[in-house]
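In what follows, a single structure is set out as structure tokens and then discussed.
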Amino acid sequence: MHIDAPFELVLFGGLGDLALRKLMPALFLLHRDGRLPDGVIYAVTRRDIPRDAFVAKIESSIKSHVPSNYLEKEPVESFLEKVQCFTLDVNESKGYKALAKALSSDDINRLFYMATGSDLYTPICRGLHDADLIKSQSKIVLEKPIGHDLETAEVINQTVAEFFAEKQIYRIDHYLGKETVQNLMVLRFANSLFESQWNQHYIDHIQITISEQLGVEQRAEFYEHVGAMRDMFQNHLLQLLCITAMEPPAKLEPDAVRDEKVKVLKALKPITGEMINENVVRGQYDSGVADGKPVPRYRDEPGVHDKSLTETFIAAKVEIDNWRWAGVPFYLRTGKRLAERACEIVVQFKEIPHSIFPLQHKNTMANKLIFRLQPDEGVRLMLCEKRVGPGMNVRPMNLSLNPSNQRQTRVPEAYERLLYDALSGNATLFLRDDELIEAWRWVDPIIKFWQEQEQRPEPYTAGTWGPAAATLLLARDGRLWDENS
């Protein structure tokens with residue numbers, strides 16, 4: 001796969017939080033490394049902004065989010081020349097007509113990136129279509145969450161499909177662009193050592209955690225209508241679950257990989273009715289301490305309703321009804337204002353059937369394979385070894401495989417990789433329409449149950465690992481969250 005020159009990238013929400021924090025820095029790094037050919041990046045905004053002020057914003061975002069040793073003067077200046085600001089109201093047709101005049105009349109490699117709320121996808125697609133901007137080589141990237149529930153997700157899917165063929169639609173989940181997630185696939189499918197034991201005979205359980213130290217920050221208005229289930233669980237956590245649990249695809253091709261992920265989603269055991277209270281924990285952070293500083297409770301954050309029922313924490317026990325995973329629980333959790341920022345997949349193997357070493361806790365003795373996605377990517381295999389000295393005392397030890405230690409070259413950021421894949425037409429790491437719908441189909445009954453019950457999420461102190469009920473979720477099964485790795 002390579003990027004055909006020339007290209008045009010039209011970024012809706014071009015001066016929004018996502019564009020400034022992630023997309024512009026990623027595009028700059030692709031440019032710096034010589035992976036972007038000649039082309040133009042149009043940052044589309046609603047408000048008019050002078051060229052000097054626009055360039056200053058983009059330059060500031062790059063310098064704030066790219067390491068200083070990659071900020072040579074020439075690449076920064078030449079990248080800023082590629083970026084143009086374009087003012088457009090997505091609900092008015094005249095803006096699209098003006099955009100059509102700015103873009104090439106040829107059918108070239110053109111990518112429309114929706115760094116906006118999903119409620120704008122329909123008017124934007126319709127505006128692009130009416131201005132005859134969608135060509136055979138055009139592609140569109142949709143950011144999560146796509147829809148608010150199953151019904152709205154289906155409507156968005158159907159509407160976008162009126163204007164773009166499925167092969168032109170790239171539904172992005174940036175966690176799938178992380179080096180360690182792809183390494184998980186390689187370690188599984190290229191090594192008989194792991195794949196032969198990747199089943200219910202050898203694995204006791206699997207934990208997937210995405211934890212954040214930050215609160216809602218400036219996103220309260222967005223978060224109040226979304227919550228942790230829609231913001232993180234329905235997409236990021238379920239996608240990591242699919243990558244971890246999927247069967248080996250017949251080929252390393254987009255549809256072959258996505259076929260296997262859909263099978264996992266279809267095999268998820270539904271959690272409905274009273275099973276929800278037993279298997280799903282919903283929390284909301286109270287005041288506490290983060291980074292040594294006092295922080296307010298969620299309900300006291302600016303822009304949050306003082307009686308808000310929005311969850312900032314989710315933990316769930318999930319089961320997959322198929323031969324490989326029968327009886328193996330998957331424990332998933334995500335939350336804000338937790339003890340540390342981390343994203344980990346912990347595969348805990350079953351303990352040995354009989355230990356000849358006395359007084360060893362089974363949790364210490366069990367082997368673990370740990371995939372850490374953030375803040376520092378890497379893979380660790382926890383084994384047992386003899387402690388140096390007299391006697392036969394056993395201790396855990398780590399075999400580490402850190403991508404930054406293995407290469408002299410820089411490890412690409414997730415958005416950097418996925419932007420390149422989208423521009424070059426590689427859809428392997430993007431969601432297909434049926435993946436999105438199956439994820440919503442599983443999550444929807446849980447969301448509707450909460451709405452009907454109007455239960456307040458369980459409060460937890462900011463700076464801890466969440467509600468006590470999340471600990472009990474595992475404790476009932478004689479297990480603990482892995483929080484010391």
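Every heavy atom of this structure was used, including side-chain atoms; hydrogens, water molecules and symmetry mates were not.
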>> Set out, in order, the CA-CA distance, both residues' side-chain angles and the distance that settles salt bridge (charged side-chain N to carboxylate O under 4.0 Å, His left out) for Arg219 and Asp231, then state yes or no.
In response: CA-CA 11 Å; Arg219 300 171 71 230; Asp231 187 39; 3.7 Å; yes
> What pair of heavy atoms forms the shortest contact from Met24 to Val83, and how long is it?
Replying inline: CE-CG1, 3.9 Å
> From Phe330 CZ over to Ile345 CD1, what is the distance, rounded to the nearest 0.5 angstrom?
Replying inline: 10.0 Å
>> Under the ring-ring contact (aromatic ring centres under 6.0 Å, His included) test against Tyr170, which residue among Phe430, Phe164, Phe112 passes?
In response: Phe430
> How far does OG of Ser211 sit from CD of Gln374, to the nearest 0.5 angstrom?
Replying inline: 7.5 Å
> Between Glu77 and Arg32, is the closest basic N to carboxylate O distance under 4.0 Å?
Replying inline: no
Pairs under 3.5 angstrom only: tabulate donor-acceptor contacts from the side chains of residues 121-132 to other protein residues two or more places apart or in another chain.
from   : atom 1 : to     : atom 2 : distance (Å)
Tyr121 : OH     : Glu143 : N      : 3.0
Tyr121 : OH     : Glu143 : O      : 2.6
Asp132 : OD2    : Lys135 : NZ     : 3.4

>> Just verifying a value: how many Å separate Leu88 CG and Leu99 CG, rounded to the nearest 0.5 Å?
In response: 6.5 Å
> With the threshold set at 4.0 Å, does a side-chain nitrogen-carboxylate oxygen contact exist between Asp421 and Arg417?
Replying inline: no
> Can you find a side-chain donor-acceptor pair between Ser136 and Asp107 that sits under 3.5 Å?
Replying inline: yes
>> Using only atom types and a distance under 3.5 Å, with no angle test, would you say the side chain of Ser308 pairs donor to acceptor with the backbone of Val304?
In response: no
> So which heavy atom on Glu166 is nearest to which on Arg432, and how close?
Replying inline: OE2-CG, 3.5 Å
> At their closest point, which heavy atom of Asp482 faces which heavy atom of Arg333, and how far apart are they?
Replying inline: O-NH2, 4.0 Å
> Got a donor-acceptor contact below 3.5 angstrom from the Ser60 side chain to the Ala56 backbone?
Replying inline: no
>> Around atom CD of Glu217, are there more than 12 heavy atoms from other residues, nucleotides or ligands closer than 6.0 Å?
In response: yes
> CG of Leu214: more than 12 outside heavy atoms within 6.0 angstrom?
Replying inline: yes
>> By the side chain to side chain donor-acceptor pair (under 3.5 Å) test, which pairs, at least two apart or in different chains, include something from residues 7-24?
In response: Glu8-Arg110, Asp17-Arg21
>> Tell me if the CZ atom of Arg47 is crowded by more than 12 foreign heavy atoms within 6.0 Å.
In response: no
> Hey, what do you get for CG (Leu150) to CH2 (Trp440), rounding to the nearest 0.5 Å?
Replying inline: 8.5 Å
> Under 6.0 Å from the CG atom of Asn69, do we count more than 12 heavy atoms belonging to anything else shown?
Replying inline: yes
> Backbone N or O of Gly227 within a donor-acceptor pair of the Thr310 side chain at under 3.5 Å?
Replying inline: no
> Is the Trp465-Tyr460 ring centre distance short of 6.0 angstrom?
Replying inline: no
> Taking the six-membered ring of Phe54, is the NZ or CZ of Lys57 close enough (under 6.0 Å from the centre) and on axis enough (within 45°)?
Replying inline: no
>> Could you check whether any side-chain N or O of Asp291 sits under 3.5 Å from a backbone N or O of Lys293, counting only pairs where one atom can act as donor and the other as acceptor?
In response: no
>> To the nearest 0.5 Å, what is the distance between SG on Cys242 and CG on Leu237?
In response: 11.0 Å
>> Can you pull out every side chain to side chain donor-acceptor pair (under 3.5 Å) where at least one residue sits in residues 294-305? Sequence neighbours excluded, please.
In response: Glu224-Tyr298, Gln284-Arg299, Tyr285-Glu301, Arg297-Asp300
>> To the nearest 0.5 Å, what is the distance between CG on Asp38 and CZ on Phe7?
In response: 8.5 Å
> Do the charged groups of Arg188 and Glu195 touch, with an N to O distance under 4.0 Å?
Replying inline: yes
>> Listing request: all side chain to side chain donor-acceptor pair (under 3.5 Å) pairs with a residue in residues 232-251, at least two apart in sequence or in separate chains.
In response: Asp173-His236, Gln239-Lys261, Gln239-Glu435, Glu247-Arg324
> If you take all heavy atoms of Ser104 and Ile108, which pair is closest and at what distance?
Replying inline: CB-CD1, 4.0 Å
> Partners of Phe371 by ring-ring contact (aromatic ring centres under 6.0 Å, His included), sequence neighbours excluded?
Replying inline: none
>> Suppose we screen for side-chain contact (heavy atoms from CB on, under 4.5 Å). Which residues come up paired with Ala115, at least two apart in sequence or across chains?
In response: Leu11, Leu18, Leu23, Tyr113
> Is a side-chain N or O of Arg380 found less than 3.5 angstrom from the main chain of Ile370, in a donor-acceptor match?
Replying inline: no
